[in-house]
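These notes are about the structure you will find just below.
Residue numbers begin at 1 in each chain, while the letters A, B, ... track the order of the sequences. Everything quoted here is computed from the prediction, not taken from an experiment.
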Amino acid sequence: MALSSLVQTPWKGKAKALDQDFEDLDPVITYRHLHAQNLGVRDPLRVIALCDSDAFYAACEMVRLGVDKDTPLVVLQWDAMIAINYPARKYGISRLKKYNLKELKEKHPDLMIVHVATYKEGEKEPGYWDDVDTKTHKVSLDHYRRESMKIAAMFKECLPGCETEKASIDEAFFDFTKCVREIILERYPYLKQVPLDAPDGVDTRLPPPPPIAWDGLGHVIPVNPAPAGEGNAEGTPSNQEASASTRTDEASDPPCTWHDVALSIGAELINKARQQVYEKLGYSTSAGIARNKFLAKLTASYKKPNSQSILRNAAIPKYLRPLPFQKIRFLGGKLGTAIAKEFEASTVGDLLSISLEEMQRKFGEDSIWIYEVLRGIDRSEVKEKSAVNKSMLASKNLPTPITDASEGLHWIRVLAAELALRLNEARETNPNLWPKSIVLHARRGYEASRSKQAPFPFTREVTVDTIAAAGDKLWKELVGSELATKVTSVQLAFTGVEGAEAGQRSIEGFLTSAQSAKRQRGDDTDIRHVSLDDSLADQGNDIATSWTNGPSGDRSSDAHVPSFVCSRCGKKIILPSTTAPSVYEEGHLEALRREHDDFHFAQDLAKESAGGLVISGPSKSRTGNGKPVSGASKGSPKKKKRRKDAPENVGIEKFFRKP
DNA sequence: GTGGATGAG
DNA sequence: CGCTCATCCAC
């Protein structure tokens with residue numbers, strides 16, 4: 001019944017109000033809008049894309065194994081399926097169910113079943129083994145992380161000048177607004193000048209846009225979707241990319257706008273990039289193109305795999321209304337559940353009757369974000385993220401809880417080995433990367449997990465031993481002297497991982513100059529060649545650490561107090577005797593010396609860099625644009641506190657423990 | 001800075 | 001499901 005009132009002819013008269021709940025979907029676009037440089041999130045020609053990799057982990061394994069694209073393949077982690085590629089989904093295999101692998105193989109002889117790579121006791125690097133066992137192995141996701149970086153790099157290469165934000169291991173956002181604007185001006189040069197007879201000067205509405213050839217650009221989500229049960233809804237195979245043209249009520253679609261032109265150009269751009277990624281790297285992807293991030297994300301899932309979809313503004317109302325709102329980013333968790341309960345709602349349409357005031361009364365000031373999102377508005381920006389993750393976590397769940405104290409130390413060592421490998425690999429491209437602190441989490445039975453953390457001093461050579469020693473110390477603080485039993489989960493993490501993020505050349509040039517300067521000085525503070533930890537580092541996960549006296553001269557004349565004198569600053573460095581002796585603490589003097597050396601090294605770096613190299617401090621993410629608060633506090637909603645901005649650059653000394 | 005909670009994938 | 005990552009907040 002309401003249908004007839006919705007099927008109107010919006011292009012008749014002023015093209016306004018496509019739907020009374022959704023304003024702002026057909027704004028007047030003027031020459032001023034087109035020529036403006038920084039309209040940001042309010043730009044009426046904004047174009048955002050979200051691209052994600054189809055069944056990413058499974059795709060990684062397919063590429064690694066070089067199998068045909070139609071090969072059904074699943075990825076296991078112990079006996080759970082963590083990825084199922086699309087060919088395998090045709091067998092009805094789903095993520096949740098547990099499978100008897102024998103039966104599964106018998107039923108589908110061509111199904112490839114791959115277990116993720118694992119670290120194995122005694123092996124230095126993760127690998128693919130036949131005898132995976134959760135009691136002795138630890139999962140490694142390194143391969144996926146590396147492939148993810150390759151894909152991200154290729155997207156950036158294919159899309160120069162586009163803002164990109166890697167949102168997770170398998171997806172990224174792109175802001176095409178700027179490049180699209182340039183292309184529009186190139187293709188339609190008559191828009192460069194405001195016509196002399198324009199009634200309102202730069203504020204004159206743009207002339208009608210040219211017709212859009214959607215062919216090959218993806219699925220254009222229909223403005224008036226076919227009723228459920230007929231037509232090609234999701235899942236129906238279709239070779240045609242744009243499917244709207246077969247419908248009889250096509251005529252009721254409103255005419256295209258300049259924003260639709262912009263979307264179609266965005267679709268061209270992402271399409272080319274996706275093709276490159278597929279051809280060069282072998283990964284199929286799905287993309288969504290829309291006016292903002294949350295809609296782009298939603299749109300990407302319209303048709304998968306290996307496809308892309310476009311959501312015109314005009315299609316937003318009917319696309320959103322029936323959508324279960326808990327599918328929207330940030331409404332999938334407790335907040336979404338609370339909203340569903342509070343208003344007895346399940347779809348976006350159910351919530352459109354809730355006024356902003358009521359929403360805010362129940363869920364706080366910030367829920368204006370929710371109010372807007374339900375109406376297709378999202379002001380969050382596509383923000384370039386640092387290439388390096390700020391934290392690095394290695395964790396292990398223990399199916400059989402720890403019964404012996406030594407087991408905890410064993411797992412810490414395995415986790416430390418992984419962290420060492422990962423940090424050092426990251427340092428290959430970002431040499432002076434370091435974590436501000438190290439954190440150990442442990443959980444007993446089903447209790448909440450507890451954690452302890454400590455600063456992690458800068459050292460150029462990060463070894464298993466350095467990390468394990470720090471981990472062991474935290475372990476003692478965490479579980480104390482009481483017997484470590486019933487521990488069901490151990491996590492070791494680096495946090496505050498950062499370093500120089502300036503251009504690669506400047507970093508390298510800088511390092512070599514610093515090092516050659518050092519060589520010229522004839523400094524002998526570099527003791528890496530006699531480092532105890534270095535000799536141990538080659539032994540993989542071996543725990544054995546027998547105490548050997550350092551090379552002669554390592555100790556001062558005082559035989560009772562382990563110490564040394566720095567040749568650069570003359571300072572006597574004494575090993576603090578605050579902790580009880582332990583096999584894991586025997587390398588401490590060496591560690592201290594290296595640390596002290598690294599202190600000088602970094603000071604040199606800081607001095608010589610003066611303007612060249614930027615050591616970035618923690619940069620605050622601004623929250624003034626209506627973004628959701630992801631870490632919502634439980635209980636009654638709190639008002640958001642505006643925190644003061646931290647200074648952009650933090651002195652390098654902050655990151656060092658004073659020697 | 002520390003430790004916990006929430007959310008996404 | 002197990003393993004990650006990020007961000008926020010009270011302390």
Side-chain angles (χ1 to χ4, degrees), chain A residues 50 52-53 55-57 75-84 94-99 115-119 126 132 134 137-142 144-145 148 165-172 294 297 300-301 326-338 366 383 385-386 388-399 415 418-419 422 436-443 447-456 474 477-478 488-497 618-623 627-635 637-643 646 654-655:
Chain A
L50 178 282
D52 71 88
S53 219
F56 183 55
Y57 290 179
V75 180
L76 292 186
Q77 182 174 278
W78 314 131
D79 44 5
M81 279 182 199
I82 55 170
I84 304 158
S94 98
R95 231 128 119 63
L96 305 168
K97 286 182 268 180
K98 273 209 174 183
Y99 288 91
H115 192 279
V116 291
T118 54
Y119 289 87
V132 287
T134 178
H137 294 54
K138 189 214 162 294
V139 163
S140 161
L141 302 177
D142 295 339
Y144 309 141
R145 279 188 277 261
S148 172
E165 175 182 330
K166 198 163 176 291
S168 77
I169 197 161
D170 71 344
E171 62 183 15
F294 109 87
K297 165 93 182 155
S301 61
Q326 286 169 317
K327 283 192 182 171
I328 295 173
R329 228 161 59 114
F330 301 117
L331 297 182
K334 294 196 169 183
L335 177 58
T337 308
D366 288 332
K383 232 184 123 230
K385 294 223 186 108
S386 141
V388 290
N389 287 332
K390 293 181 240 337
S391 66
M392 222 181 250
L393 170 71
S395 69
K396 174 69 187 167
N397 280 2
L398 302 163
L415 301 179
E418 175 175 347
L419 289 182
R422 284 168 59 184
K436 271 210 292 270
S437 46
I438 183 169
V439 191
L440 178 75
H441 282 254
R443 197 183 68 212
E447 297 169 30
S449 87
R450 309 269 333 240
S451 74
K452 281 287 172 197
Q453 55 189 301
F456 192 81
L474 292 173
E477 290 177 32
L478 203 57
T488 52
S489 146
V490 189
Q491 310 183 319
L492 196 59
F494 285 140
T495 64
V497 182
S619 58
K620 296 294 173 211
S621 60
R622 298 195 144 274
T623 52
K627 268 200 201 142
V629 214
S630 72
S633 44
K634 56 181 170 188
K638 303 277 192 310
K639 274 184 205 158
K640 194 185 305 175
K641 274 175 77 176
R642 188 141 314 233
R643 288 181 291 161
K654 257 194 93 150
F655 298 108

Checking C/dC5, B/dG3, C/dC3 against the side chain of A/L393 (C-beta onward), the nearest is C/dC5
Return the value, rounded to whole Å, for the distance between atom CZ of A/F494 and atom C1' of B/dT2.
18 Å
Please tell me if A/Q453 has a side-chain N or O lying less than 4.0 Å from either OP1 or OP2 of B/dG3.
yes
Sequence neighbours excluded, the answer for side-chain contact (heavy atoms from CB on, under 4.5 Å) partners of A/A394 is A/K138, A/L415, A/E418, A/L419
Residue whose closest nucleotide on DNA chain C lies nearer the 5' end, A/A80 versus A/S395
A/A80
Whole angstroms only, please: what is the NZ-P distance between A/K334 and C/dC8?
19 Å
How many whole angstroms separate atom CG of A/L331 from atom P of B/dT6?
16 Å
Nearest to the side chain of A/W78 - C/dT4, C/dC3, B/dG7?
C/dC3
Reckon A/R443 has a side-chain N or O less than 4.0 Å from the OP1 or OP2 of C/dC3?
no
Is the distance from OP1 or OP2 of C/dC5 to the nearest side-chain N or O of A/S391 less than 4.0 Å?
no
Looking only at B/dA5, B/dA8, C/dT4, the nucleotide nearest the A/A448 side chain is B/dA5
Quickly work out the A/M81 CE to C/dC1 C1' distance and round it to whole Å.
12 Å
Do any side-chain nitrogens or oxygens of A/Q77 fall under 4.0 Å of OP1 or OP2 in C/dC1?
no
Contact class for A/K297 (heavy atom, under 4.0 Å): base, sugar-phosphate, or nothing?
sugar-phosphate
Among the nucleotides C/dT4, B/dG4, C/dC3, which one has an atom lying closest to any side-chain atom of A/S451?
B/dG4
Using a 4.0 Å heavy-atom cut-off, does A/K166 contact any base of the nucleic acid, only the sugar-phosphate backbone, or nothing at all?
nothing
Would you kindly give the NZ-to-P distance between A/K327 and B/dG9, to the nearest whole Å?
13 Å
Those residues at least two apart in sequence (or on a different chain) that pass side chain to side chain donor-acceptor pair (under 3.5 Å) with A/S395 are none
Would you indicate what A/S437 reaches in the nucleic acid, counting non-hydrogen atoms under 4.0 angstrom: base, sugar-phosphate, or nothing?
nothing
Checking contacts here: which listed nucleotide (C/dC1, C/dC3, C/dA6) is nearest the side-chain heavy atoms of A/I82?
C/dC1
Rounded to whole Å, CG of A/L335 lies from P of B/dT6 at a distance of 12 Å
Atom CE of A/M392 to atom P of C/dA6: distance rounded to whole Å?
10 Å
Backbone N/O of A/V139 and side chain of A/T118: donor-acceptor pair under 3.5 Å:
no
By nearest atom, which of the nucleotides C/dC5, B/dG7, B/dG9 is closest to the A/R145 side chain?
C/dC5
Looking only at heavy atoms, the pair that brings A/K166 and A/K385 closest together is O-NZ, 3.6 Å
When you check the phosphate oxygens OP1 and OP2 of B/dG4, does a side-chain N or O of A/R450 lie under 4.0 Å from one of them?
yes
Quick one: does A/L335's side chain get under 4.5 Å of A/F330's, heavy atoms only?
no
I want to check one thing: is the phosphate of B/dG3, taken as OP1 and OP2, less than 4.0 Å away from some side-chain N or O of A/K452?
yes
Does A/R443 offer a backbone N or O that forms a donor-acceptor pair with the side chain of A/T488 under 3.5 Å?
yes
Heavy atoms under 4.0 Å, any strand shown: does A/D52 hit a base, just sugar-phosphate, or nothing?
nothing
Contacts of A/K396 and A/N389 projected onto DNA chain C by closest heavy atom; the upstream (5') one is A/K396
When rounded to whole Å, the CG to C1' distance for the pair A/D366 and B/dT6 reads 15 Å
